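Because the structure is a prediction, the values reported are computed rather than measured.
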Amino acid sequence: MDTTLDRRALFIDGEWTKPHTETTVEVIEAATETVLGTSALATVADIDSAVAAARRALPAWRALSPAERAEYLDRFAAALRARAKATAALASRENGMPIALSINVNGYAPSLMVGYYANAVRGTERDEVRPSAFGGRTVVRRDPVGVVAAITPWNYPQSLAAMKLAPALAAGCTVVLKPAPETALDAYVFADAALEAGLPPGVLNVVVGGREAGAHLVEHPGVDKVAFTGSTAAGKAIGEVCGRLLRPVTLELGGKSASIVTADADLEVFAANLLEVSLVNNGQTCHAGTRILAPRSRYAEVVEAVTETVRNLRIGDPLDRETQIGPLVSAAQRERVLGFVESGRWDGYRVTTGGGTPADRPTGWYVEPTVFEGVHNAARIAQEEIFGPVLTITPYDGEEDAIEMANDSRYGLGGTVWTTDEERGLAIAGRIESGTVGVNHYQLDLDAPFGGVKDSGLGRELGPEGLAPYYTAKSVYFGTR
Ligand code: NAD
């Protein structure tokens, strides 16, 4: 078997380390339902070893100047970039993401993020001298927060890991990355790149493990900060533990974002963006705008535009560049999504396209992209995160009604406004209870904070805001004599 698909060692202390037990996990290819590869699975003893390695590495790593760390990170970014195409294909095979998307978000985004944070710290000073209001001065020192536990899900495995480890390493923290077992194999690319870049041993550790390993990592006494992306249920459990321990935590959780089509919207623009905004990654996207709100005056037009666009999407092999919708990550995920489709039908809502599994794709965990219309905003399919290619369309009467419906959700992560009047778009975006909103598109940006409010999480990643949580401030007061 190709060695890159057979990873029976964990990456701890700069070395491939045999786990304490022989337990492994098989990664199943989403499109073929066959075994793609095998990964070691960390137990709590392996997590202990990884945290110990990260602690040992911390003093020397934090003592480097930001410019010295940036040099290491530049080499790390180059090593990731050199692997971009292979990484993108591997992640697509693991989770079904169309390769045209994967090449950017799994292939090139991690090296861009590492490079971005290398540049963000290069040239910065550790100490800032501030004149005291009472005479004398204060030296305000930025120290790295310490050992970071980074826990990530399977849907955007590479970029969600890089959003954590790039700022953490740049700030002078050391990292234990615990990726999801479903996408274990691509995570080891970070280890390969760390070795090639010569990152000092223990600065970055990669330990694939399940829920128990993750929970052990979160409450480990050797961990100083937790950065988590995943479900709201797991995020709340992690937040409770961190609250008890007074341990800083960033939580990027679920979503059920609204796409508000205004009465003056250009429906061609909306339809052209629908795949990227509402069905991106086969709908397995936390910020997807899956709840479409349409003005009653143009309701029929919106239903037709959405239905026609979705009906014409190309379902296929995720490795084919023409594919727009690939399979879901697992059989369990497909069952879950089909269960939501059933619940929508049971509640009496009309399916305008899709609604099942594609007849010509008997193998692979495919679900047809599906549209429900006439959906009440309180319906289960309009309130719960489906995490599959299922859209709902709900009519509204007037702008206030639309904003009220957009905000009538436990989540607040993404959202979009479709209008030919950008000022109006900004005004509406400003009233949506959400961490991020797109006007006539939706695109995360390296330099802009990403994160949620309400049940979508706590804290921000990306941009300068995504670096700040990896520092802690120390004030050293100086007397006047
Ligand atoms: P999940 O919460 O089940 O698992 C995510 C990760 O956490 C995995 O590595 C898992 O092993 C680990 N884990 C689970 N329970 C844990 C616990 N109690 N303690 C420590 N670690 C634990 O999520 P999933 O099903 O893999 O991913 C899908 C979810 O992620 C969706 O809800 C989606 O919206 C969310 N998500 C959010 C964002 C965001 O940025 N807001 C991005 C992508 C995905």
Side-chain angles (χ1 to χ4, degrees), residues 28-33 92-98 101 153-157 180-183 230-234 253-259 274-292 306-307 309-311 313-318 323-373 375 379-394 409-411 413-414 455-456:
I28 312 293
E29 183 164 5
T32 63
E33 303 181 32
S92 284
R93 294 178 74 184
E94 290 172 312
N95 73 3
M97 181 186 292
L101 173 66
W154 45 261
N155 62 336
Y156 288 77
E182 292 88 343
T183 46
S231 61
T232 295
L253 311 176
K256 186 75 183 179
S257 302
S259 279
L274 196 62
L275 173 67
E276 281 181 41
V277 169
S278 301
L279 290 165
V280 60
N281 193 21
N282 318 323
Q284 300 175 131
T285 301
C286 50
H287 56 69
T290 49
R291 219 162 28 107
I292 297 167
V306 172
T307 302
T309 306
V310 171
R311 181 177 290 140
L313 291 174
R314 284 185 297 276
I315 304 174
D317 178 351
T323 291
Q324 294 173 306
I325 299 284
L328 301 185
V329 68
S330 63
Q333 185 70 8
R334 182 178 59 183
E335 288 320 301
R336 197 182 116 83
V337 171
L338 290 174
F340 274 107
V341 172
E342 267 325 292
S343 112
R345 284 202 171 100
W346 178 256
D347 286 343
Y349 298 117
R350 186 171 79 92
V351 172
T352 66
T353 184
T357 54
D360 58 343
R361 297 250 155 217
T363 307
W365 297 304
Y366 291 89
V367 171
E368 287 175 317
T370 299
V371 179
F372 280 98
E373 70 101 4
V375 178
R380 182 168 174 249
I381 53 169
Q383 287 293 324
E384 290 190 34
E385 183 182 50
I386 297 176
F387 229 53
V390 181
L391 305 180
T392 60
I393 312 180
T394 302
S409 166
R410 61 187 278 228
Y411 295 111
L413 185 58
D455 272 3
S456 291

Report summary line: Rounded to the nearest 0.5 Å, the CG atom of Asn281 sits from the CG atom of Leu328 at a distance of 9.0 Å

Got a list of side-chain donor-acceptor pairs under 3.5 Å for residues 382-391, not counting sequence neighbours?
residue	atom	partner	partner atom	Å
Gln383	NE2	Asn377	O	2.7
Gln383	NE2	Asp408	O	2.9
Glu384	OE2	Arg380	NE	3.3
Glu385	OE2	Gly255	N	3.0

Query - Check: Arg311 side chain, Thr352 main-chain N or O, donor-acceptor pair, under 3.5 Å - result: yes

**Report entry** Glu373 side chain vs Arg350 backbone, donor-acceptor pair below 3.5 Å
**Finding:** no

Query raised in the report: Any sub-3.5 Å donor-acceptor pair from Thr353's side-chain atoms to Val371's backbone N or O?
Result: no

Requested in this report: Could you tell me the separation between the OH atom of Tyr411 and the OG atom of Ser257, rounded to the nearest 0.5 Å?
Outcome: 10.5 Å

Query raised in the report: Any side-chain heavy-atom pair from Leu275 and Ile325 closer than 4.5 angstrom?
Result: yes

Report summary line: For Ser278 and Ala288, the nearest pair of non-hydrogen atoms, with its separation, is O-CB, 3.7 Å

Query raised in the report: With no hydrogens and no angle check, is any side-chain donor or acceptor of Gln284 less than 3.5 Å from a backbone partner on Val329?
Result: yes

Query raised in the report: Any donor-acceptor pair under 3.5 Å linking the side chain of Asn95 with the backbone of Asn155?
Result: yes

Query - Main-chain N/O of Arg291 paired with Ser259 side-chain donor or acceptor, under 3.5 Å - result: no

Query raised in the report: So, the side chain of Lys256 versus the backbone of Leu413: is there a donor-acceptor pair under 3.5 Å, distance only?
Result: no

Query raised in the report: Do Thr394 side-chain atoms and Val375 backbone N/O form a donor-acceptor pair below 3.5 Å?
Result: yes

**Report entry** Side-chain donor or acceptor of Glu29 paired with backbone N/O of Arg93 under 3.5 Å
**Finding:** no

**Report entry** Expected output: side-chain Thr183 to main-chain Glu94 donor-acceptor under 3.5 Å
**Finding:** no

